Peer 1: 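Below you'll find the structure I mean.
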Amino acid sequence: MCGIFGYIGDNKNPLHACLDGLAQLEYRGYDSTGIAGIQDGHLIVCKKEGKLANLQNILTLKTLEVAIGHTRWATHGKVNDLNAHPHLDTMHSLAIVHNGIIENYDALKAQLKNEGAAFVTETDSEVIAHLIAKHYEGDLLKAVQTALPFLHGSYAIALIHKDHPDQIIAAAHHCPLAIGTNDAQTESIISSDPNALVGGFLKILFLRNAEIARIEKGNVQVFDSHGNLIVKTQERLECAAKAPSKDGFEHFLLKEIFEQPITIRKAMLGRFSSETAKVEFDDLKITAEEARNYKQVWFLGCGTSSLAGSIGAMYLEETAKIPAFSEIASEARYRTELIGPETLIIAISQSGETADTLTAMRAFKAKGCRTIAICNVKNSTLTREADYSIDLQAGPEISVCSSKAFTSQIAILALFALHLANLRNTTSAEALDLARAMPFIANQIQTVLEKAPQLEKIAKKYAHFDDFFFMGRRYMFTTCLEAALKLKEISYVNANGYAGGELKHGPIALISPTFPVICFCANKKTEEKIISNLMEVKARGAPIVAFAPDSMTQIHSIADDLFTLPTTIDPLAPFASAVAGQLFAYYIAKERGCDIDRPRHLAKSVTVE
Ligand code: M6R
């Protein structure tokens, strides 16, 4: 995580360009923000704990000749002003901003301290400043080239030096960094996320594999780790200014929850024909032979994206009749030993920058697997590195808490399952049912959204509880995990999610009148079993909130509070149920006065492992 930004050029005041860039990057972390720049031969630094607004409140600077900025998601060192980036060398000649983790910082710090470097922060990043200063002999690029091989870990860095106001040096290794220049060659911009680059049409390149760039006004030179000049392909990108808007909603999360009938339609648009039940993905070029040769499919992802993968695995098994597994990316990367080209890898990520997902995908790629990225950000690292990618087409998701990305992910996964079933010639009854029911998802979500006030009422009643137990079976098990994650993330309350069948194997000991059970019931195949689980809970006095289909009459006499959902086939029940879970979490967080769009300790894009 962390976002870095830099500007050198004539078109804007670098200070303002940087502040605007940081505003776009704040989703990557908001523990602190900082800016460094050069003015009249002096290095100037301003940094502050908290969100960008805190920095802007104390900023007295008016202009800078060149500027770099940083928005932090803390890894090493407390969240405070001191540990905020940029970091300086002992002589205060140079300033660096860093995204990533320097794994050997402790050893480097000890050595540099011995050599006289004066460390002032608890961060790993500060060693980079001292290390480069140690190797600086008048040529900034050379100093960086000499210093980088000593760093173990991941980094994207940007660096300025008071004696070189005409350049920014940048380097990246396993962390994203885009550099853009305009056609008139009057400005250069660097950013952790190309979508934060604003400036009409820009030519963009991405640094990778310890590449180092010398960035001047409208001009970029890139060198490999041995110092050889390399020619990088540049992409032309329209970087229009588009400040995200809440469109009248109180929070981005609420806006994004309410967008879902549209985003679901967009996910299917031009890909699915309800008349023919055929699916086409423009950029996916898997042949029937290739599809038949796969022995299994693995889904990789983290958090919500991983849960989407769990649902995707069920879709593939039921519909395309192929064994499928979903594994948390940070664990999957250690399970590649028995894997080879017969396994298809599907990496799911809203941002496309999640380090755990990227690392896992790379590990499977190295074993010869084909990879497909399902992602919401075009041009993200994941989409660039995967063999194929499928765009969610959900539009920017600003709230840290994922909502519309999840439902779009599972919509795409349902379509992908149909596609693979076609290619493998496995026309199952399940595939036909799925194809028939898909067109109704958006309306079912709409029905839930129209009943939001009812969910708000239920949420208010339960908002004072500090512990919740979420339960469901089969498709509703994954859905309950997702709903529990939402609640934890934005309300800071303890919310455990369990498969209903597991209740008797331990967690039932927790059940008490002060421990509400939130039960997701919309899985027809397991209806009787989940009712039995609820009876076990009821016998022990826990309040029960049920999210159940309108066809489930028995639930009325069991639940203390009931939210009814439109009835659909089991595989598609997660859509309406997940939206209800999102609203439930939202209204509890609101009632508890939490920072809904930017929950504490989190960031939208998690670029460290
Ligand atoms: O961008 P990604 O989908 O790769 O992010 C993965 C998780 O960090 C993310 O889904 C996280 O769990 C959400 N904040 C949950 O709402």
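For ligands, and for the atoms within them, numbers begin at 1 and follow the listed sequence. Nothing here was measured: the structure is a model prediction, and the numbers come from that model.
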Peer 1: Would you mind finding which of A585, A355, C302 brings a heavy atom closest to atom 6 (C) of ligand 1?
Peer 2: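 Checking each option, the heavy atom nearest atom 6 (C) of ligand 1 is found in C302.
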Peer 1: Could you label the plane-to-plane angle of the F520 and F547 rings as parallel, tilted or perpendicular, counting under 30° as parallel and over 60° as perpendicular?
Peer 2: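 Rings of F520 and F547: parallel, as their planes differ by under 30°.
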Peer 1: Please list, one pair per line, the donor and acceptor atoms closer than 3.5 Å that link side chains of residues 474-481 to other protein atoms, with sequence neighbours excluded.
Peer 2:
unit_1	atom_1	unit_2	atom_2	d
R474	NH2	E318	OE2	2.5
Y475	OH	E318	OE1	3.1
T479	OG1	Y475	O	2.7

Peer 1: I need the atoms of ligand 1 closer than 4.0 Å to a non-hydrogen atom of K486, numbered in the order shown.
Peer 2: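 Heavy-atom distances to K486 below 4.0 Å select 15 (C), 16 (O).
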Peer 1: Within ligand 1, which atoms have a heavy atom of Q350 less than 4.0 Å away?
Peer 2: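 Result: 1 (O), 2 (P), 3 (O), 4 (O).
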Peer 1: So for ligand 1, is Q409 a polar contact partner (N or O within less than 3.5 Å, distance only)?
Peer 2: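 No.
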Peer 1: With heavy atoms of S305 as the reference, note each atom of ligand 1 found under 4.0 Å away.
Peer 2: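 By the 4.0 Å cutoff, the relevant atoms are 2 (P), 3 (O), 10 (O).
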Peer 1: For atom 11 (C) of ligand 1, grab the closest protein heavy atom and report residue, atom and distance to one decimal in Å.
Peer 2: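 Checked against all protein heavy atoms, atom 11 (C) of ligand 1 sits closest to T304 N, 4.2 Å.
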Peer 1: I'd like to check which ligand 1 atoms, numbered from 1 as shown, lie under 4.0 Å from a non-hydrogen atom of S351.
Peer 2: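 Answer, ordered by atom number: 1 (O), 2 (P), 4 (O).
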Peer 1: Indicate yes or no: does R592 engage D466 in a salt bridge with an N to O separation below 4.0 Å.
Peer 2: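 Judged by the 4.0 Å cut-off on N to carboxylate O distance, R592 and D466 do form a salt bridge.
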Peer 1: So which protein heavy atom does atom 4 (O) of ligand 1 come closest to, and at what separation?
Peer 2: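 Sorting protein heavy atoms by distance from atom 4 (O) of ligand 1 puts T354 OG1, 2.4 Å first.
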Peer 1: Do Y155 and H173 make the cut of ring centroids closer than 6.0 angstrom?
Peer 2: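 Yes, ring centres under 6.0 Å apart.
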Peer 1: Name all residues meeting the side chain to side chain donor-acceptor pair (under 3.5 Å) criterion together with N80; count only those two or more places apart in sequence or in a different chain, and write none if there are none.
Peer 2: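 Residues passing side chain to side chain donor-acceptor pair (under 3.5 Å) with N80: N83.
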Peer 1: Quick one: are Y498 and F470 in side-chain contact, heavy atoms under 4.5 Å?
Peer 2: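 No, every pair of side-chain atoms sits at 4.5 Å or beyond.
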Peer 1: Looking only at side chains, do T71 and E26 share a donor and an acceptor under 3.5 Å apart?
Peer 2: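 Short answer, no.
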Peer 1: For ligand 1, find out whether one of its N or O atoms is nearer than 3.5 Å to an N or O atom of V400.
Peer 2: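 The answer is yes, given that V400 and ligand 1 share an N or O pair closer than 3.5 Å.
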Peer 1: Report the C-alpha separation of E259 and K255 in whole Å, then their side-chain angles, then the decisive distance to 0.1 Å, and conclude whether the salt bridge (charged side-chain N to carboxylate O under 4.0 Å, His left out) test is met.
Peer 2: CA-CA 6 Å; E259 278 175 343; K255 176 194 162 199; 3.7 Å; yes
Peer 1: What's the shortest distance from atom 8 (O) of ligand 1 to any protein heavy atom, and which residue and atom give it?
Peer 2: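 That would be V606 CG2, 4.0 Å.
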Peer 1: Going by heavy-atom distance to atom 16 (O) of ligand 1, choose the closest among E397, E489, K604.
Peer 2: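 The option holding the nearest heavy atom is E489.
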Peer 1: Using a strict cut-off of 4.0 Å, indicate which atoms of ligand 1 neighbour a heavy atom of C401.
Peer 2: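 Heavy-atom distances to C401 below 4.0 Å select 16 (O).
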